[in-house]
Number of protein chains: 2
Amino acid sequence: MKWHDLNDNACPLARAMGVIGDRWTLLILRECFLGVRRFDSFQKRLGVTRHLLAERLKRLETMGVLERRPYQERPLRHEYRLTASGKEFAPVMLAMQDWARKNLPSTEPIPFRFVTRDGGQEVDPVLTDRISGQVLDHRSVLMVPKSQRHDDTAGVSPPSADQNAQDLSAG
Amino acid sequence: MKWHDLNDNACPLARAMGVIGDRWTLLILRECFLGVRRFDSFQKRLGVTRHLLAERLKRLETMGVLERRPYQERPLRHEYRLTASGKEFAPVMLAMQDWARKNLPSTEPIPFRFVTRDGGQEVDPVLTDRISGQVLDHRSVLMVPKSQRHDDTAGVSPPSADQNAQDLSAG
DNA sequence: ATAATGAGTTCTAAAATAGAACCTATATTT
DNA sequence: AAATATAGGTTCTATTTTAGAACTCATTAT
């Protein structure tokens, strides 16, 4: 599979991988959330090659996650900012960082915090249901396939893939 | 930067990229959440090469996200299951899928749903603070660098990277 | 005896990434 | 005036990763 084949996949997770499915893109977005906007700042802070950085910024722009806008003329210079779409990625970032803290431990001190804008208190993220307020995790939620009609995909037989797709919490 | 250089990074997001920072791993985990457990099922459903699948499953096992356990002898066969750590990834998956649905639109129907175990209602995920219950997004939360002591990283000057790291919502 | 299943491994070719040098336009320093 | 610095890239070769297909091995089914 090639990079951009993911972009028109029916699965939203696959499309997400078309954006952040590499080693650098999420780190570029992290820098954006930390306030970095310029090519050289990204490059120096991340240590990514200029070549790859240019390519990734272009991709993120094309995907509508970042926008490139001039901040001066003579000479013309542009900076990269999160779009509305990019900003809405914040909860994913928060959830992922929380998972990694708890499940991929390190002896090093964590180099950032997420704090409330009013008050500056460090946050403790938990995913909930908008209506019921119920906590959403593997205990409370089940991922179920919607049956699809395409007879060419050998081996796919929702809703029961393999022997039992049901009990994920028992795994 | 090489793949496994990310695994001992001080930044939890970088460490997360050491696990899911490629085009396939998250899709493998998606299949796990859908109940897939066997090598050939993953391979046929995803269309990933056997070579890469074997390598990724091994990595996920090493990282403690999946465990490999025998499900029969004669001949000996193993299956892959989510560990506690792997299951705790569910909220990240949910948040990411929600972001992609809303921000990377597609004409195709979404091939799965997340439903409550009790009731089977489709969920509407929102990240909140565990204590206050406040919604956590780019409007309410700020990502701030913790000052680090290492004088070799040219150009890094928290808390104000670039001109203004402060106002991320104004970006 | 032959084919099928399940879980890989081993090849070669193609694609992506690393690392360094180069380019353009302007501004500043010597 | 000439040299150096800043900002944002592009171009090049070498290395690493991934794709794609074929092959292995042990056992069971036909």
Side-chain angles (χ1 to χ4, degrees), chain A residues 1-7 14 17-28 31 36-62 66-81 154-155 157 161-163, chain B residues 1-7 14 17-28 31 36-62 66-81 154-155 157 161-163:
Chain A
M1 200 200 281
K2 320 285 166 54
W3 243 106
H4 81 256
D5 292 3
L6 286 163
N7 298 337
M17 286 302 99
V19 180
I20 59 155
D22 77 297
R23 286 183 251 342
W24 287 111
T25 303
L26 197 90
L27 302 182
I28 292 172
E31 296 302 309
V36 174
R37 289 173 179 169
R38 298 187 184 177
F39 191 92
D40 274 31
S41 293
F42 287 114
Q43 200 275 315
K44 291 202 183 85
R45 290 173 58 94
L46 291 171
V48 62
T49 65
R50 307 177 72 76
H51 179 55
L52 201 56
L53 178 60
E55 202 271 326
R56 289 299 186 273
L57 289 171
K58 209 168 284 172
R59 175 193 303 279
L60 285 167
E61 196 195 350
T62 309
L66 296 184
E67 63 172 332
R68 186 163 169 278
R69 63 156 79 160
Y71 67 88
Q72 73 169 36
E73 299 179 9
R74 332 213 50 75
L76 182 58
R77 292 282 180 264
H78 297 87
E79 62 182 12
Y80 296 88
R81 287 177 183 237
S157 52
D162 275 0
Q163 265 73 326
Chain B
M1 201 201 281
K2 319 286 166 53
W3 243 106
H4 82 256
D5 291 3
L6 286 164
N7 297 338
M17 287 301 99
V19 181
I20 60 156
D22 77 295
R23 288 183 247 340
W24 287 111
T25 303
L26 197 89
L27 302 182
I28 293 172
E31 296 303 310
V36 174
R37 289 174 181 170
R38 298 187 183 176
F39 191 92
D40 273 31
S41 293
F42 286 114
Q43 200 276 315
K44 291 201 183 83
R45 290 173 59 93
L46 292 170
V48 62
T49 65
R50 307 177 73 76
H51 179 56
L52 201 55
L53 177 61
E55 202 271 328
R56 290 297 187 273
L57 289 172
K58 209 168 286 173
R59 176 193 303 281
L60 285 167
E61 196 196 349
T62 309
L66 296 183
E67 62 172 333
R68 187 163 168 277
R69 62 156 81 159
Y71 67 89
Q72 73 169 37
E73 300 180 9
R74 329 213 51 75
L76 182 58
R77 292 283 179 262
H78 298 88
E79 62 182 11
Y80 296 88
R81 289 179 182 233
S157 52
D162 276 0
Q163 264 72 325

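Keep in mind the model is a prediction, meaning the values are calculated, not measured. For the numbers below, each heavy atom of this structure counts, side chains included, while hydrogens, waters and symmetry mates do not. In what follows, chains carry the letters A, B, and so on, assigned in the order in which the sequence lines appear, proteins first and then strands, with residues in each chain numbered from 1.
The interatomic distance linking B/E73 (CD) with C/dA7 (C1') rounds to 16 Å, in whole Å. Rounded to an integer number of Å, the gap from CG of A/D22 to C1' of D/dT17 is 13 Å. The distance between atom CG of B/D40 and atom C1' of C/dG6, rounded to the nearest whole Å, is 5 Å. Atom CZ in B/R56 sits roughly 4 Å away from atom P in D/dT18 (whole-Å rounding). Spacing between atom OH of B/Y71 and atom P of C/dT5 amounts to 13 Å, rounded to whole angstrom units. Straight-line distance from the CD atom of B/Q72 to the P atom of C/dG6: 9 Å, rounded to whole Å.
For C/dA7, neither phosphate oxygen OP1 nor OP2 lies less than 4.0 angstrom from any side-chain nitrogen or oxygen of B/R37. A close approach under 4.0 Å does occur between a side-chain nitrogen or oxygen of A/W24 and OP1 or OP2 of C/dA18. Contact between the side-chain N/O atoms of A/K58 and the OP1/OP2 oxygens of D/dT10 is found at a separation under 4.0 Å. OP1 or OP2 of D/dA7 has not a single side-chain nitrogen or oxygen of A/Y80 nearer than 4.0 Å. Regarding contacts with the backbone of C/dA16, every side-chain N or O of A/R59 stays at 4.0 angstrom or more from both OP1 and OP2.
Within 4.0 Å of B/H51, counting heavy atoms only, lies at least one base atom of the nucleic acid.
Judged by distance alone with a 3.5 Å cut-off, a donor-acceptor contact links the side chain of A/R50 to the base of D/dG9.
With C/dT26, D/dT10, C/dA18 as the choices, the nucleotide that has an atom nearest any side-chain atom of A/R74 turns out to be C/dT26. Side-chain proximity of B/R77 to C/dT26, D/dC12, D/dA26: nearest is D/dA26.
Within a 6.0 Å radius of CD in B/E73, other residues, nucleotides and ligands contribute 12 heavy atoms or fewer.
Residues A/R56 and A/V48 have side chains not in contact (no heavy-atom distance under 4.5 Å, counting atoms from C-beta outward).
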* **Residue pair A/L6, B/L27: steps toward the side-chain contact (heavy atoms from CB on, under 4.5 Å) verdict** => CA-CA 11 Å; A/L6 286 163; B/L27 302 182; 4.2 Å; yes
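Under the side chain to side chain donor-acceptor pair (under 3.5 Å) criterion, B/N7 pairs with no residue, sequence neighbours left out.
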